[in-house]
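Remember, predicted model here, so these are calculated numbers, not experimental data. Read the numbers this way: they start at 1 and go in the same order the structure lists the ligands and their atoms.
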Amino acid sequence: MTLILGIETSCDETAAAVVADGRRLLSNVVATQIDLHRKYGGVFPEMASRQHVLAIMPVVREAVAQAEIGWDHLDAIAVTQGPGLAGSLLVGVNAAKGIAWANGLPLLPVNHLEGHVYSNWIEAPGNRAEKAFPLLILIVSGGHTELVAMVDHAEYRRLGGTIDDAAGEAFDKVARLLGLGYPGGPAVQRAAANGDAAAYDLPRAWLPGTHDFSFSGLKTAVLRLVAQEEGSVADDGRKLTPSHGLDDQVVADLAASFQQAVVDVLVDKSIAAAEEIGATEICVCGGVSANAALRRTFAERSPLPLSIPPLYLCTDNAAMIAAAAYYRHALHHTPASDFGIDIKANFVLA
Ligand code: KG4
Ligand code: ZN
């Protein structure tokens with residue numbers, strides 16, 4: 001049995017987890033900074049790195065304690081090397097170096113996006129156990145929206161991705177426009193629950209002939225409707241003041257219509273890509289895969305088996321980092337990294 005301690009600090013969650021053989025969760029600790037960043041309406045990078053400095057050792061100790069193993073049972077330390085916020089990544093990488101050095105263990109650097117991919121391998125409800133390549137992977141997070149053909153373990157062919165905003169970024173921006181606060185995805189989902197998804201006819205950027213996405217036009221369309229509904233812009237585009245604010249039902253309808261526009265494009269383009277590459281299964285991962293409408297729509301429309309992790313593995317966590325390290329390094333006997341590694345803030349998956 002290979003026991004890997006994973007460490008993740010790429011954005012606003014300080015996380016550590018112990019995973020056995022890349023699949024079995026022994027512990028999964030996540031300290032979120034949501035309350036800290038809420039008053040800024042988004043992640044404040046310097047605050048994030050300082051909070052990681054405070055949280056990292058207690059979180060790591062808790063993960064080892066919850067796993068009910070001794071430090072001497074660990075086989076390796078895995079850590080997110082990128083992509084992410086530089087100051088945040090540095091905290092995790094330096095902590096991992098120290099822990100690996102002190103315990104005489106190999107240091108395994110992991111791409112955060114590969115971590116999201118391997119969240120689909122962890123034994124949990126929603127994840128399919130037996131997988132046969134090729135797989136179609138949709139990564140939808142705050143910073144990325146990528147369609148990838150996975151042809152073997154740790155081998156990817158990028159099919160396409162967003163040419164402007166990531167799906168999660170669009171949720172976060174639209175939440176702000178609608179006055180729903182941070183983090184945007186869950187807030188939009190909550191508001192949308194009381195809304196009519198057909199209330200507004202919002203644009204869907206299909207970008208035919210490509211596996212790419214675009215969400216900035218959709219965001220602008222919402223912005224225009226908000227201004228109209230607030231009464232700060234006339235139908236002919238003339239600016240009017242003052243704004244009278246948005247009615248709760250209008251917010252709910254806009255949230256539901258926006259959410260469905262994003263979901264339609266993500267689901268239908270993933271299914272088309274899966275059919276094109278002859279995928280045996282569609283694996284969805286990243287923070288936006290926590291979205292209930294996305295999960296429901298995939299289940300309704302996908303002709304292929306689906307793997308979508310439970311919510312605690314969709315958003316950032318360290319279990320996925322330990323799992324990815326197992327498949328990339330331990331299984332393939334890739335040599336561990338030396339202690340001279342730097343972070344890779346713009347690390348690409350493929
Ligand atoms: O993967 P993740 O935790 O961090 C990154 O790697 O970016 O993804 C965070 C993103 C945020 O944009 C957040 O608004 C979005 O995932 N998100 C959701 C939901 N939960 C989180 N978006 C839509 N619906 C949700 N329920
Ligand atoms: Zn992430």
Side-chain angles (χ1 to χ4, degrees), residues 6-15 17 28 30-34 37-38 41-43 45 48 79-85 88-89 92 110-120 137-146 161-162 165-178 180-193 195 197 213 215 218-219 255-256 258-267 283-298 308-321 323-324 345-349:
I7 294 177
E8 153 66 40
T9 64
S10 67
C11 189
D12 60 345
E13 325 278 2
T14 316
N28 185 27
V30 180
T32 180
Q33 303 179 3
I34 283 177
H37 299 293
R38 185 169 280 127
V43 180
V79 65
T80 304
Q81 189 180 18
L85 300 170
S88 291
L89 290 165
V110 173
N111 181 309
H112 180 82
L113 299 176
E114 185 161 61
H116 277 302
V117 170
Y118 277 98
S119 65
N120 280 282
I137 313 276
L138 171 68
I139 307 171
V140 268
S141 70
H144 293 84
T145 301
E146 303 268 312
T162 183
D165 293 346
E169 196 179 350
F171 268 95
D172 293 336
K173 287 178 176 170
V174 163
R176 223 170 293 151
L177 288 176
L178 297 178
L180 292 172
Y182 162 88
V188 168
Q189 174 174 322
R190 238 174 286 122
F213 299 96
F215 296 108
L218 174 59
K219 179 193 63 195
F258 160 78
Q259 177 175 263
Q260 198 56 46
V262 175
V263 165
D264 279 345
V265 176
L266 290 175
V267 171
C283 300
V284 190
C285 56
V288 180
S289 59
N291 184 268
L294 181 71
R295 299 167 82 94
R296 191 176 54 239
T297 308
F298 258 120
I308 312 184
L311 303 196
Y312 62 91
L313 295 175
C314 292
T315 47
D316 287 348
N317 64 85
M320 67 186 197
I321 302 303
N346 299 312
F347 205 168
V348 290
L349 179 65

Looking only at heavy atoms, the pair that brings G142 and A166 closest together is O-CB, 3.5 Å
Which atom pair, heavy atoms only, marks the closest approach of C285 to S119?
CB-OG, 3.7 Å
Does [X] reach the side chain of [Y], with side-chain heavy atoms less than 4.5 Å apart?
{"X": "L218", "Y": "V262", "value": "yes"}
{"X": "D165", "Y": "K173", "value": "yes"}
{"X": "R38", "Y": "P183", "value": "yes"}
{"X": "H116", "Y": "N317", "value": "no"}
{"X": "Q81", "Y": "L89", "value": "no"}

Could you list which atoms of ligand 1 come closer than 4.0 Å to a heavy atom of [X]?
{"X": "H116", "result": "1 (O), 6 (O)"}
{"X": "A290", "result": "20 (N), 26 (N)"}
{"X": "G143", "result": "7 (O)"}
{"X": "H112", "result": "6 (O)"}
{"X": "G168", "result": "12 (O)"}
{"X": "Q189", "result": "24 (N), 25 (C), 26 (N)"}
{"X": "P186", "result": "19 (C), 20 (N), 21 (C), 25 (C)"}

Less than 3.5 Å between some nitrogen or oxygen of [X] and one of ligand 1, yes or no?
{"X": "F171", "result": "no"}
{"X": "G185", "result": "yes"}
{"X": "A292", "result": "no"}
{"X": "G142", "result": "yes"}

Nearest 0.5 angstrom please: H144 NE2 to I139 CD1, how far?
8.0 Å
Separation between OG (S10) and CG (D316), nearest 0.5 Å, reads 5.0 Å
Please name the atom of D316, limited to N, O or S, that comes nearest to the Zn ion (ligand 2).
OD1
Under 2.8 Å from the Zn ion (ligand 2), can any N, O or S atom of H112 be found?
yes
With a cut-off of 2.8 Å, does C11 place any N/O/S atom under that distance from the Zn ion (ligand 2)?
no
Identify which one of F258, Y182, F215 satisfies the ring-ring contact (aromatic ring centres under 6.0 Å, His included) criterion when paired with F171.
F258
I'd like the name of whichever of G42, G287, A293 reaches closest to atom 16 (O) of ligand 1 through any heavy atom.
G287
Compute the minimum heavy-atom distance from C11 to ligand 1 and say whether it is under 4.0 Å.
no
For ligand 1, note which part of N291 has a heavy atom under 4.0 Å away: side chain, backbone, both or neither.
both
